[in-house]
Structure formats: structure tokens, C-alpha cells
Amino acid sequence: MRYDYKTIEAKWQKRWEDEKAFEAVDFSEKPKFFSMVEFPYPSGAGMHVGHIKAYSGLEVVSRKRRMQGYNVLFPIGFDAFGLPTENYAIKTNTHPRLVTDKNIEKFTQQLKRVGFSFDWSRVVDTTEEDYYKWTQWIFRKMLDNGLVFRDKALVNYCPSCKVVLSNEDSQGGKCDICHSDIVQKSKDVWYLRITEYADKLLRGLDNVDYLPNIKMQQENWIGKSTGAFVKFALGGTDELLTVYTTRPDTLFGVTFMVMAPEHPLIDKYADKISNMEEILAYRTECSKKTEFERTQLVKEKTGVCIDGFKAINPVNGKEIPVYISDYVMMGYGTGAIMAVPAHDQRDWDFANKFGIDIIEVIKGGDITVEAYAGDGEMVNSDFLNGYTNKKDSITRMIEELEKKGLGEGGVQYKMKDWAFNRQRYWGEPIPIVHCEKCGIVGVPYEELPLRLPAMDNFEPGQGGESPLATLEDFVNCKCPKCGAPAKRETDTMPQWAGSSWYFLRYIDPHNEERFADPEKLKYWLPVDWYNGGMEHVTRHMIYSRFWHHFLYDLGEVPCSEPYAKRTAQGLILGPDGDKMSKSKGNVVDPNDVVDAYGADVLRVYVLFMGDYESATPWNDSSMRGCKRFLDRIASLCDIAEGEGVTPELESAFHRTIKKVSQDIENMKFNTAIAAMMSLANDIFAVGKITRDELATLVSLLCPFAPHICEEIWEYLGNTTLLSLGQWPTYDEALTVSNTVEYAIQVNGKLKSTIVLPADVDKETAIKSALLDEKVAPAVEGKQIVKEIFVPGKIINVVVK
RNA sequence: GCGGGUGUGGCGGAAUUGGCAGACGCGCAAGAUUUAGGAUCUUGUGUUUAUUCGUGCAGGUUCAAGUCCUGUCACCCGCACCA
């Protein structure tokens with residue numbers, strides 16, 4: 001058969017679409033399988049091959065599941081709000097709506113050309129009113145349930161994008177979008193109280209099947225630590241200064257305290273502090289430092305001693321000095337620490353610089369040289385002396401503190417509340433009204449969606465105002481509660497909002513009454529298998545798990561965890577081994593590959609090129625090998641004859657069915673394809689194949705290269721779709737052949753190989769081995785000390 | 001600094017978990033076919049003169065180690081003054 005991929009691919013894509021082959025059926029009797037890939041951001045550049053690899057994994061799994069008789073929901077959509085589109089819109093003076101529609105059209109066309117078996121009847125677009133209505137609805141529910149609050153805070157501000165960023169979006173002091181330096185700025189910020197769900201999000205990980213490194217990253221992100229809160233009296237005030245520590249048992253080693261420069265107690269007692277000017281100067285200096293400077297200057301500690309009050313150590317009554325220093329952050333713990341220089345390197349550095357006492361309380365290190373953070377016997381610690389177990393000494397100290405009312409055990413999380421507003425146009429308007437009398441009032445549910453108003457100039461205002469703030473009609477409104485004139489919130493939601501619940505909308509994308517029908521949610525949830533990039537396993541996944549947990553607490557969804565299983569694909573690197581990027585000019589466009597080789601070749605190659613979870617460089621000639629493979633498969637039509645089984649191939653077929661079936665489940669697509677290539681090699685070596693066997697082979701290959709396989713299936717006389725056909729089964733007994741090639745070793749060195757019956761016994765095997773013409777001379781005249789026989793594998797003779 | 005991961009031919013990568021290292025593919029070489037190029041097909045391809053030596057490096061356990069143990073180096077990815 002001639003492999004005319006252009007004609008073949010167009011033909012089958014049309015037929016799948018005409019027959020609605022891949023549309024999921026709600027409430028079908030078949031077992032359900034909900035597989036989901038991370039929906040793309042429809043950028044103007046179109047897709048690159050990385051997208052194709054990201055979708056091909058679950059594409060193969062989904063196609064296999066359909067052939068195994070599952071009712072498969074494999075949806076796709078577009079996460080289309082966000083800055084790149086908006087920036088492009090500003091630059092070209094086109095409305096972001098038009099830009100988005102154009103980009104979505106381009107992406108859709110590209111995805112369809114590759115032949116992905118998405119359910120195109122359920123496409124969601126986060127920027128459509130009937131979608132973001134429900135994004136706003138969930139936000140309103142959060143507002144009702146006390147999970148939304150407003151605070152003035154120092155925020156990460158990107159002067160280039162003119163936008164406030166979350167900590168997550170400004171890692172390393174750089175803007176996640178344009179990579180400019182972030183500055184700190186005081187602003188009103190809307191927060192979502194995600195920290196309230198920290199423990200639920202952590203415990204939920206026990207019941208899901210995520211790759212171990214994904215779980216670990218999420219645990220790390222949540223960052224739970226256990227320890228104690230300890231209260232220190234401040235001499236000369238009625239105040240208790242609370243600190244958080246993971247090692248309350250080192251309390252006898254505390255020789256000073258440190259507060260974050262912005263700590264509010266400093267302002268409260270400003271009139272008691274004689275060196276306030278010095279402190280204010282230090283504060284100013286700190287606020288000027290960028291994140292980069294703060295992390296680079298890690299070793300050099302700076303600070304100022306507060307001249308006005310001293311702290312009292314609650315366990316021994318000692319007076320100790322209090323400093324401010326920027327190595328203590330306002331954002332973690334209580335913004336103040338007890339310093340134990342003998343056993344914390346940062347405290348040690350600080351003490352060393354400022355000439356503060358260092359008292360050893362744990363034996364084992366040399367505290368004149370550096371802090372000792374290891375375990376050991378407690379000393380200089382009164383009732384804790386002699387303790388050697390960290391856990392016991394901590395427990396004992398917490399008991400003691402609780403008895404005196406000077407402290408208690410507690411936990412802390414690294415995770416911070418989610419800064420949820422952006423001063424940009426292309427996002428979901430935050431459905432809130434500011435009323436002078438009533439304060440913050442939610443837009444009534446029946447008024448949702450709060451539509452993004454049409455406007456011409458989406459450029460952010462100077463000073464970081466949202467462009468919406470310039471629209472009088474939008475801003476001025478009536479208070480929904482009291483009817484008095486009020487003002488609308490003009491900020492919009494961050495891009496993470498729409499993607500926090502999209503998997504729910506796939507289940508019922510056209511519902512006008514609810515975000516999704518409860519019965520349908522019950523049928524489809526949870527997502528059985530979710531695949532995406534490693535870069536999203538903390539932010540997007542934690543945010544969306546948070547929203548889902550919240551909806552679960554409201555009784556809106558039937559399970560607490562949205563994703564039963566999560567995997568991640570590795571990047572495709574450029575041919576030069578570098579990350580693909582437009583600036584490096586090493587981006588491979590999937591359209592070019594489809595034009596030159598066909599969609600099936602592209603699909604097979606992105607899965608064959610390497611381990612699915614690892615980063616692998618693109619290689620054009622390696623891809624041509626995949627083309628050759630499919631050509632050879634097509635050419636099998638010319639030799640396929642007769643029915644039934646070719647005896648020489650029977651075992652190879654059963655082994656391949658087993659291997660491919662298992663490898664797909666483990667995402668070992670590269671070895672699955674290798675196994676089919678091997679089988680093809682065997683077939684050509686034998687020189688014949690029956691029509692039945694060819695049908696089996698194309699069934700196995702169909703999830704990978706569906707167009708050519710459908711064509712061959714039709715060539716074999718079938719009128720049904722192979723994509724909805726039967727997944728081949730294998731007979732375990734036939735996967736093993738009745739002879740085995742044994743390796744023969746003498747003293748562990750390979751000497752020869754020998755073919756023996758599979759059920760050979762040890763005695764016969766060794767006897768035959770010793771007769772081998774290469775083995776005999778090596779053994780001759782020597783004494784046999786030991787004979788090792790591993791059934792099915794190896795014979796080893798030890799001689800002296 | 002902390003946490004996790006990876007080191008195997010010229011290249012991408014395999015190795016049913018301790019049992020013939022290099023499956024499969026690329027590349028390369030020779031041959032066939034072809035007016036030629038391309039494509040296709042066949043054979044070969046870690047190293048080395050038989051023999052050896054070979055999975056980052058150095059030791060160890062074992063009849064047997066890419067796989068287990070100890071130490072060490074390099075690279076990659078997270079988080080990062082987290083108290």
C-alpha cells in the first residue's frame with residue numbers, strides 16, 4: 001500500500017469528526033475514564049512540539065482505554081486570559097478578544113491536524129462570559145465564607161508590566177512574565193486565605209497517586225514545620241514578644257532576640273526607644289534592597305540593637321538584648337525570633353559580628369568555629385540536662401512552657417495567602433463593590449457574570465491603576481445592600497483563577513444553571529489521570545486543589561481531591577540541546593513536521609525520542625527513522641495473506657501485546673514503540689504475515705499512529721473505526737517460548753551460550769554446558785567447586 | 001546551604017530489578033538497485049591482534065554488580081536568611 005499521509009490523515013480526521021467518535025457520553029454504562037492534559041495558553045506564536053509531546057502521552061492512554069471499552073472523557077480547552085495577549089493587544093492596538101479568538105482558532109487547527117482524540121464538543125475558553133461567570137461565582141462563595149480579605153501590604157510590583165505579582169510569580173526577584181526586577185510597593189491587596197487549607201492540602205496528598213517528586217514539591221511548597229510559640233516579656237512594657245521556634249528545647253542557649261525591621265512593636269513603643277532614628281534609617285536601607293541583594297548578601301549580617309527595652313528569657317529570667325535585622329522576615333512565623341547562636345549558623349554569624357555571648361546547650365560540635373546543628377546531649381539547660389533525644393527534650397520544654405503559660409506547641413507553614421488581584425484589563429473582573437456605609441459588598445449572584453466592559457485603551461494607568469478605573473460607567477454603581485452610590489472594584493483576577501476549576505466545567509460545559517450538574521460531577525469525578533508540566537505542579541495544582549477542597553466543603557463537588565493521578569512530561573529541547581526558545585531560534589513548529597512527514601510520524605517520534613518524563617533534544621534524522629518504521633508497516637499490506645497464526649511469529653505477537661499494554665500504563669512509550677519495531681523486524685525476517693496478524697499489529701499501533709492504522713484496517717476489509725475497536729489481548733502462556741538460550745559462565749565470565757528446553761533441570765543443564773566446545777577447555781583439569789543454575793537465565797560453573 | 005534527581009557507544013536511549021550490558025532508533029561503513037543524486041533493501045558497527053578491557057571515579061559485598069553497600073566527583077531541577 002502506498003503511504004500517502006496527506007490524503008490519509010485528512011480522510012480519517014474528517015471521518016472521526018463526522019461520526020463524533022471521541023465524544024464522551026454522560027452516564028454511560030461503561031466504566032468511565034477522565035483523562036486530562038493541561039490546557040494551553042493560546043499565544044500568538046502557535047503551538048510548538050512541546051505541546052504535542054505533552055498531549056501525546058494521555059492521547060495514547062485515552063485511545064487505548066476506548067479500545068478497552070471505557071467511556072473516555074479526554075477534553076481540551078484554552079486558558080486565555082492573561083498578560084501576553086493583553087500586551088500583544090496593546091502593541092498592535094487590537095482588542096484582546098479578537099487576538100484571543102484568532103489564537104484559539106490557530107491552536108484548534110493545529111491540534112486537529114495532529115489527530116488528537118479530544119472531545120471537541122466540550123471545549124472551554126476561560127475568557128467567555130458563560131465560563132468566567134462561574135469563576136466569579138466561586139470567588140463570591142469564597143467571599144461569603146470568609147476566605148477573601150483585603151490588606152495593605154508590601155507587594156511585589158513589576159514596574160514594566162505595571163502589575164502586582166504574587167510571591168509565586170516573582171521568584172528570584174524577577175517578574176515571571178517579563179523578567180524585570182521586582183520592587184516592593186505598599187498596596188491594597190485582595191488575598192485568598194489559602195493558608196486555611198494548608199493542612200488539608202498536605203493531608204490530601206496521602207490519598208492521591210502523584211509521582212513522588214511531584215508530591216515532594218507540593219509538600220515542600222506547603223512547608224509545614226512543627227515547633228512552639230514562646231512568649232518573651234519585654235522589660236519596661238506590658239508587651240509579650242512571641243516568637244516561633246522549631247527548637248524550643250534550646251531556650252537556655254538564647255542570648256539575644258531579633259525582630260524583622262518592619263515589626264509593628266517597634267512603632268508602638270517608638271517613644272521608649274532612644275535610637276529610633278538609627279532604626280528608621282536601617283529600615284529605609286532594607287526596603288531599598290532588592291530580593292537579589294538580600295539573597296546574595298546572605299553571609300554578611302546587618303542589624304541595629306534596640307535601645308529601649310530588653311527581653312526576659314522565660315526559663316531563666318535573664319535579660320537579653322533585642323535587635324532588628326533583615327535576616328528575619330515579617331512574612332514567616334511571628335516576624336521575630338529567639339536567637340540561639342550556638343546552634344543556628346545565622347544567629348552565630350550575627351552574634352559573632354555583634355559580640356554577643358554564645359552558649360552551648362547541645363554537645364557535639366565546636367561552637368567557637370561554627371554553629372552546631374546536629375544532635376547530642378543537652379547541657380547548660382537546667383531540667384533538660386542529660387537529654388539526648390531531640391523529640392523528648394522538645395516535648396519536655398513545651399510542657400514546661402505550657403505549665404507557666406509562656407508558650408505552646410504550634411505549627412507553621414511556608415505557604416502564604418494568595419495575592420489575588422491584578423491591575424490589568426484582560427482578566428475576570430473581581431465581583432466586589434465598595435460602599436462607604438456597608439464596606440465591602442459582593443456583587444449579587446444573580447448579577448453574574450460581571451462583564452468585562454468593552455474599551456479601547458487597555459493600557460494600565462500610571463501608578464498601577466487598573467485600566468477599568470478610567471471607566472466612569474463601570475466604576476460608579478449602587479451598593480447592592482443599601483442602594484447608596486458606590487464604587488466597583490476595578491482590579492481583575494490573576495491568570496491562575498480560570499485554570500483553578502476548568503476540569504469541572506469539562507464535565508458539563510454548556511450548563512447555564514450551575515457550574516456543572518451534580519449528577520454529572522458524581523459520574524465523572526475525579527480526574528483519573530492528569531498530565532502536565534513540572535512547572536505547574538506547585539502553583540496551578542495547589543491553587544486548583546485549594547478551590548476544589550473549598551467546593552467540597554460547600555458540598556458542591558463529591559470528592560475532596562480533584563486529581564487521582566498526576567504525571568509530568570519532560571521538555572523537548574532544541575536540536576542544540578538548549579531549551580527551545582524564540583530568541584535562540586531553535587523552536588520546531590509542529591506544522592512543518594506534519595507537512596513534511598505527516599501527523600503520525602510526529603506523534604510516534606515525540607514519544608519514541610526518549611523517556612517520556614525526561615528532557616530530550618530534538619533530532620530530525622532520528623525522526624526520519626520513525627517515518628521509515630511507518631512506511632514499513634504500510635508495506636506489510638503487500639505481503640499480508642491468509643488468516644490465523646504464523647507459527648514462527650505467534651510468541652513474538654503475544655510478547656509484544658503484553659509489552660505494549662504494560663508500557664503504555666507506565667508511560668514507557670519509547671520502549672512500547674521499540675517493541676513494535678522489533679516485531680516488525682521479526683515479521684520481515686520471517687517474510688510473511690497473515691491478515692489477522694496485521695490487524696492485531698495495527699490495533700496495537702493505533703493509539704500512536706491512528707491515521708495509517710485506520711487506513712490499513714480499512715484495507716483489510718473492515719468498515720468500522722479501528723479507533724473504537726478492540727484492544728488486543730495476549731495469552732501469558734504463549735509469551736514464553738519453549739526453548740531458552742542460557743548463558744554459560746566459568747568463574748563468572750561468559751564463555752558460551754546454549755539453547756535448552758525451557759523446563760530443563762539443573763543436572764541436565766550443567767551436563768550439557770560442560771560439553772560445550774568453548775566451555776570444556778576452560779574447565780579441563782580443574783576442580784569444580786560450585787555449580788549455579790538459575791532457571792531460564794544462566795549457568796555458572798566455579799572451578800579451582 | 002537544604003531537598004530531589006541523573007551520570008551507560010559517535011548520538012537519543014534499553015536492560016522483566018543481582019543473572020549474556022548496549023534492545024530499539026539515529027549516525028557511520030560496505031554491498032545491491034539506480035544514468036546520477038535521493039529513496040529503498042542486505043550486511044556490519046563499544047573496545048581490543050587470539051585474548052582483554054568496558055556503565056563518572058575509588059573501594060567493598062557476591063559464584064555473578066549498570067543494578068546492593070561505603071566514600072568521592074560532575075551536572076541538572078526545585079526551594080532558599082523558613083527561625
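Labels below follow one simple rule: chain letters A, B, ... track the order of the sequence lines, proteins then strands, and each chain is numbered from 1. Everything quoted here is computed from the prediction, not taken from an experiment.
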Determine the Euclidean distance between corresponding [atom1] atoms of [M] and [N]; express it in Å to zero decimal places.
| N | M | atom1 | answer |
| --- | --- | --- | --- |
| B/rU6 | B/rG12 | C1' | 15 Å |
| B/rA15 | B/rU8 | C1' | 10 Å |
| B/rC77 | B/rG31 | C1' | 48 Å |
| B/rG10 | B/rU45 | C1' | 11 Å |

Checking [Y] against [X]: is there a side-chain donor and acceptor pair closer than 3.5 Å?
| X | Y | value |
| --- | --- | --- |
| A/D611 | A/S614 | yes |
| A/Q345 | A/D349 | yes |
| A/D357 | A/T255 | no |
| A/S678 | A/N681 | no |

[X] side chain: which of [options] is closest?
| X | options | result |
| --- | --- | --- |
| A/Y332 | B/rC26, B/rC63, B/rA83 | B/rA83 |
| A/A743 | B/rA83, B/rG19, B/rC20 | B/rC20 |
| A/W221 | B/rG19, B/rG12, B/rC79 | B/rC79 |
| A/L750 | B/rC20, B/rC81, B/rG19 | B/rC20 |
| A/D611 | B/rG13, B/rC63, B/rG78 | B/rG13 |
| A/T671 | B/rG19, B/rA14, B/rC24 | B/rA14 |
| A/M677 | B/rA83, B/rG19, B/rG25 | B/rG25 |

Subject >> N-O pairing of A/D600 and A/K627 below 4.0 Å >> reply: no
**OP:** Output yes when A/R247 and A/D249 qualify as a salt bridge under the 4.0 Å nitrogen-oxygen rule, no when they do not.
**Re:**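 Yes, charged N to carboxylate O under 4.0 Å.
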[N], OP1 or OP2 - any side-chain N/O from [X] closer than 4.0 Å?
| X | N | result |
| --- | --- | --- |
| A/R247 | B/rA83 | no |
| A/T616 | B/rG13 | yes |
| A/Y244 | B/rA83 | no |
| A/N681 | B/rG25 | yes |
| A/N670 | B/rA14 | yes |
| A/R628 | B/rC26 | yes |

Original post:
Would you call B/rG4 syn or anti, using the 90° rule around 0?
Top reply: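 The base of B/rG4 is oriented anti (glycosidic angle more than 90° from 0).
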Original post:
What is the glycosidic conformation of B/rU17: syn, defined as within 90° of 0, or anti?
Top reply: syn
**OP:** Check the distance between B/rG78's C1' and A/L571's CG and give it to me in whole angstrom.
**Re:**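 Atom CG in A/L571 sits about 14 Å away from atom C1' in B/rG78.
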Original post:
Rounded to the nearest Å, what distance is computed from the CG atom of residue A/D4 to the P atom of nucleotide B/rA39?
Top reply: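 That distance rounds to 19 Å.
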Original post:
Which residue, A/A674 or A/E741, contacts RNA chain B at a nucleotide closer to its 5' end, judged by nearest heavy atom?
Top reply: A/E741
**OP:** Could you say whether A/K749 or A/S678 is positioned toward the 5' end of RNA chain B, judged by the nucleotide with the nearest heavy atom to each?
**Re:**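 Of the two residues, A/S678 wins.
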**OP:** Taking all non-hydrogen atoms of both residues into account, name the closest pair between A/L607 and A/F704 and its distance.
**Re:**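 Minimum heavy-atom contact is CD1-CD2, 3.9 Å.
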**OP:** Would you please indicate if the ring centroids of A/F350 and A/Y327 are separated by under 6.0 Å?
**Re:**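 Centroid separation for A/F350 and A/Y327: below 6.0 Å.
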Subject >> No-H, no-angle donor-acceptor pair, A/K301 side chain to B/rC81 base, under 3.5 Å >> reply: yes
Subject >> Ranges pairing with ranges for RNA chain B, where each run has three or more Watson-Crick or G-U pairs under 3.5 Å >> reply: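 Counting only runs of 3 or more consecutive pairs, the stems involving RNA chain B are B:1-7 with B:73-79, B:10-12 with B:24-26, B:27-32 with B:40-45, B:56-60 with B:68-72.
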